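Written out below as structure tokens is the structure these notes cover.
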Amino acid sequence: MNSFRSVAKHPIISLIDSVTTLKELKQIHSQLVLNSLLKNPHLLGQFIATIALNNPDNLDYSNQVLDQCDNPTLFALNSMIRAHSKGSTPQNSFRFYKKILQSNHNLSPDNYTFNFLVRTCAQLSAHGTGLAVHGALIKHGFEHDPHVQSGLIFMYTELGCLSSCHKVFDKIPEPDLVCQTAMVSACSKCGDIGFARELFDVMPMRDHIAWNAMIAGYAQCGQPREALSLFHLMQMEGVWVNEVSMVSVLSACTHLGALDQGRWAHAYIERNKLRMTVTLGTALIDMYAKCGNVNKAMEVFWGMKEKNVYTWTSAMGGLAMNGFGKKCLELFSLMKHDGIHPNEITFVSVLRGCTVAGLVEEGREHFESMGKVYGLEPQLEHYGCMVDLYGRAGHLDEALNFINNMPMKPHSGAWGALLNACRMYKNMKLGELASRKLVELEDKNHCAYVLLSNMYADNKNWEEVSSVREIMKARGLTKLPGCSVIEVGGEVHEFFVGDNSHPRYDEIEMMMAEISKRLRLAGYVADTNPVLFDIEEEEKEDALFKHSEKDCEEPQDLLGLS
DNA sequence: CTAGGGTTAG
């Protein structure tokens with residue numbers, strides 16, 4: 001009996017798990033070769049699996065080892081497909097699938113092979129290939145393997161193909177918990193949250209992952225209240241809550257602007273000693289920053305031992321959103337210094353930081369660097385940010401020039417940013433052009449009409465104002481009222497413009513008057529320019545005082561950056 | 001000796 005046939009890991013293989021450097025790995029490799037241990041195909045398979053799965057983002061070495069071997073086992077090849085499906089080069093999975101098919105040692109793909117391959121297709125969003133793999137696995141008879149089935153549902157979810165998810169799911173006579181949860185997730189991610197909930201409600205057994213999937217579904221599809229109420233139910237039913245649940249809860253609080261509930265969630269995490277994962281920390285930072293407590297967001301940020309590109313991007317975006325442009329850019333430098341590579345979304349935060357700091361030239365340089373230094377292709381969002389950057393700085397011609405030189409068709413975001421800038425700087429001519437373009441792109445967009453009519457109002461051109469209003473009426477558009485949301489004692493209150501329906505409106509109005517008085521005493525003077533046309537001058541100032549955002553200077557030494 | 005469902009930044 002060959003001792004290498006035993007099921008247990010060879011001690012040398014176990015050693016690799018603790019190896020971190022390539023140098024050490026090579027030493028172990030040469031030891032194995034010197035002792036002829038790698039001639040044993042099972043040990044070679046274990047070796048390859050271990051080094052590949054430990055470094056899925058750099059598979060050069062395991063590729064080399066495998067290529068030197070002329071009779072790799074199915075286990076070794078499956079491990080290579082698996083590692084590639086998890087890493088940064090999933091397309092290479094297919095090389096090993098071919099090796100299985102072309103093997104002269106009578107290998108044929110098994111259920112593991114297809115499970116990993118399906119994940120590769122999901123990772124690549126490769127629709128055609130996904131269909132081909134689906135066909136191949138049916139041909140090889142693995143259609144009824146539950147692991148493969150849940151993998152297929154996951155793949156079609158990533159491909160955005162809900163009807164295919166249904167086709168797979170409906171063919172399963174008795175779908176298990178995992179397939180059911182995958183289907184709940186598929187429906188909520190592909191836009192059918194109602195059916196997701198129906199499925200969830202009729203599940204005979206629901207574990208904490210099923211609950212997490214349903215709560216995440218609500219949080220992701222813009223129904224944060226439902227997410228929170230389902231979380232409440234989850235606690236009532238005594239289901240195990242973990243850090244994944246809390247990420248969705250925080251995300252729901254963020255979308256509601258519910259700082260008190262967000263604080264409660266933070267306290268809950270600490271009280272129950274949940275693991276502060278990178279994802280959870282990032283969700284906390286995002287919640288605090290977007291609910292307006294940027295200092296607390298940064299406190300969480302600095303307290304995190306491990307940070308990834310999401311964490312940094314989130315903190316930078318939060319700083320920019322709260323008006324701390326320079327701090328945002330300082331953080332960008334620190335992030336690069338820490339060896340974290342920025343991605344497309346990071347640059348959205350960077351460009352916003354430049355915009356709020358008014359750093360036009362620096363913004364342009366960062367934009368240029370995306371392609372030249374980081375190999376990232378600017379997307380529509382980045383072009384929109386650049387128009388905003390030029391526009392808010394008053395460089396309207398450059399903003400227009402930028403739009404005209406975009407390599408793709410300018411979207412409403414670009415024209416909208418220009419229109420907004422035209423109003424800020426009272427450029428009627430350009431403003432008319434921008435709003436015309438905006439209406440061409442989406443003729444049901446209120447913003448174009450409203451901004452344009454406000455511009456005419458600024459100019460006291462009342463005839464044009466009413467003509468825009470007439471057009472809006474003719475096209476069935478009435479202005480959506482602006483809405484502010486505030487949360488008090490766990491209850492969320494909404495206020496629309498001119499809305500006095502709140503039960504405690506009188507008290508609120510008295511308090512607002514008091515705040516306004518103190519603001520005036522403190523020297524705050526309302527800027528009445530960018531305000532709606534149809535109210536009188538004193539009324540305008542009154543309306544402005546009730547608006548919640550006030551421009552303020554960047555406070556110093558607040559954010560632990562200096 | 002390998003595998004499946006849930007989480008974060010625009």
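The chains referred to below are lettered A, B, ... by the order of the sequence lines, with proteins before strands, and numbering in each begins at 1. This is a predicted model, so every value here is computed, not measured.
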Going by an N to O cut-off under 4.0 Å, is there a salt bridge joining A/Glu226 and A/Arg197?
->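 A/Arg197 and A/Glu226: not salt-bridged.
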Residue list, side chain to side chain donor-acceptor pair (under 3.5 Å) with A/Arg352, at least two apart or on another chain |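 None.
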Would you mind classifying the nucleic acid contact of [X] as base, sugar-phosphate or nothing, using non-hydrogen atoms under 4.0 angstrom?
| X | value |
| --- | --- |
| A/Leu280 | nothing |
| A/Lys86 | nothing |
| A/Asn115 | base |
| A/Phe347 | nothing |
| A/Cys385 | nothing |
| A/Ala283 | nothing |
| A/Lys307 | nothing |
| A/Gln180 | nothing |

[X] has an atom [atom1]; how far is it from atom [atom2] of [N], in whole Å?
| X | N | atom1 | atom2 | result |
| --- | --- | --- | --- | --- |
| A/Phe301 | B/dA9 | CZ | P | 16 Å |
| A/Asp176 | B/dG5 | CG | C1' | 9 Å |
| A/Ile269 | B/dT8 | CD1 | P | 14 Å |
| A/His382 | B/dG10 | NE2 | P | 12 Å |
| A/Ile153 | B/dG6 | CD1 | C1' | 14 Å |
| A/Met304 | B/dA9 | CE | P | 13 Å |
| A/Phe154 | B/dA3 | CZ | P | 16 Å |
| A/Met335 | B/dA9 | CE | C1' | 11 Å |

Closest to side chain of [X], choosing from [options]:
| X | options | answer |
| --- | --- | --- |
| A/Ala182 | B/dG10, B/dA9, B/dG5 | B/dG5 |
| A/Thr313 | B/dA9, B/dT7, B/dG4 | B/dA9 |
| A/Thr279 | B/dG5, B/dT7, B/dG4 | B/dT7 |
| A/Val247 | B/dT8, B/dG10, B/dT2 | B/dT8 |
| A/Arg82 | B/dG10, B/dG6, B/dT2 | B/dT2 |
| A/Ala216 | B/dT2, B/dA9, B/dT7 | B/dT7 |
| A/Ile345 | B/dG6, B/dT2, B/dA9 | B/dA9 |
| A/Asn78 | B/dT8, B/dG10, B/dT2 | B/dT2 |
| A/His208 | B/dA9, B/dG4, B/dG6 | B/dG6 |
| A/Asn111 | B/dG5, B/dG10, B/dA3 | B/dA3 |

Look at the side chain of A/Asp207 against the base of B/dG5 and say whether a donor-acceptor pair falls under 3.5 Å; ignore hydrogens and angles.
->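 When only heavy-atom distances are counted, A/Asp207 does reach the base of B/dG5 through a donor-acceptor pair under 3.5 Å.
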Quick one: does A/Asn343 reach the base of B/dA9 with a side-chain donor-acceptor pair under 3.5 Å?
->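 Per atom types, the contact qualifies.
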For the residue pair A/Tyr268 and A/Trp264, does the interplanar ring angle fall in the parallel (under 30°), tilted (30 to 60°) or perpendicular (over 60°) class?
->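 A/Tyr268 vs A/Trp264 ring planes: tilted.
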Is A/Met408 atom CE crowded by more than 12 heavy atoms from other residues, nucleotides or ligands, each under 6.0 Å away?
->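 Counting neighbours around CE of A/Met408, more than 12 heavy atoms of other residues, nucleotides or ligands fall under 6.0 Å, so yes.
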Is the count of non-hydrogen atoms from other residues, nucleotides or ligands lying under 6.0 Å from A/Arg271 atom CZ greater than 12?
->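 Counting other residues, nucleotides and ligands, CZ of A/Arg271 exceeds 12 neighbours.
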Say whether A/Asn242 and A/Asn212, considering side chains only, have a donor N or O and an acceptor N or O under 3.5 Å apart.
->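 Per modelled atom types, A/Asn242 and A/Asn212 side chains form a pair under 3.5 Å.
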Side-chain donor-acceptor contact under 3.5 Å, A/Arg82 with A/Tyr112 |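 Result is no, nothing qualifies.
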Check whether NZ of the Lys or CZ of the Arg A/Lys336 lies under 6.0 Å from the centre of the six-membered ring of A/Phe332 and within 45 degrees of that ring's axis.
->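 Satisfied, under 6.0 Å and within 45°.
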Test log, rule side chain to side chain contact (heavy atoms under 4.5 Å, CB included), inputs A/Leu233 and A/Trp211 = CA-CA 10 Å; A/Leu233 202 59; A/Trp211 281 85; 4.1 Å; yes
OP1 or OP2 of [N] versus the side-chain N and O atoms of [X]: is any pair under 4.0 Å?
| X | N | result |
| --- | --- | --- |
| A/Arg119 | B/dG5 | yes |
| A/Lys189 | B/dT7 | yes |
| A/Gln220 | B/dT8 | yes |

Which of residues 237-246 of chain A have a heavy atom under 4.0 Å from DNA chain B?
->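 Within this stretch, A/Asn242, A/Val244 sit under 4.0 Å of the strand.
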Ring centers of A/Phe402, A/Phe367 separated by less than 6.0 Å =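 Yes, the ring centres sit under 6.0 Å apart.
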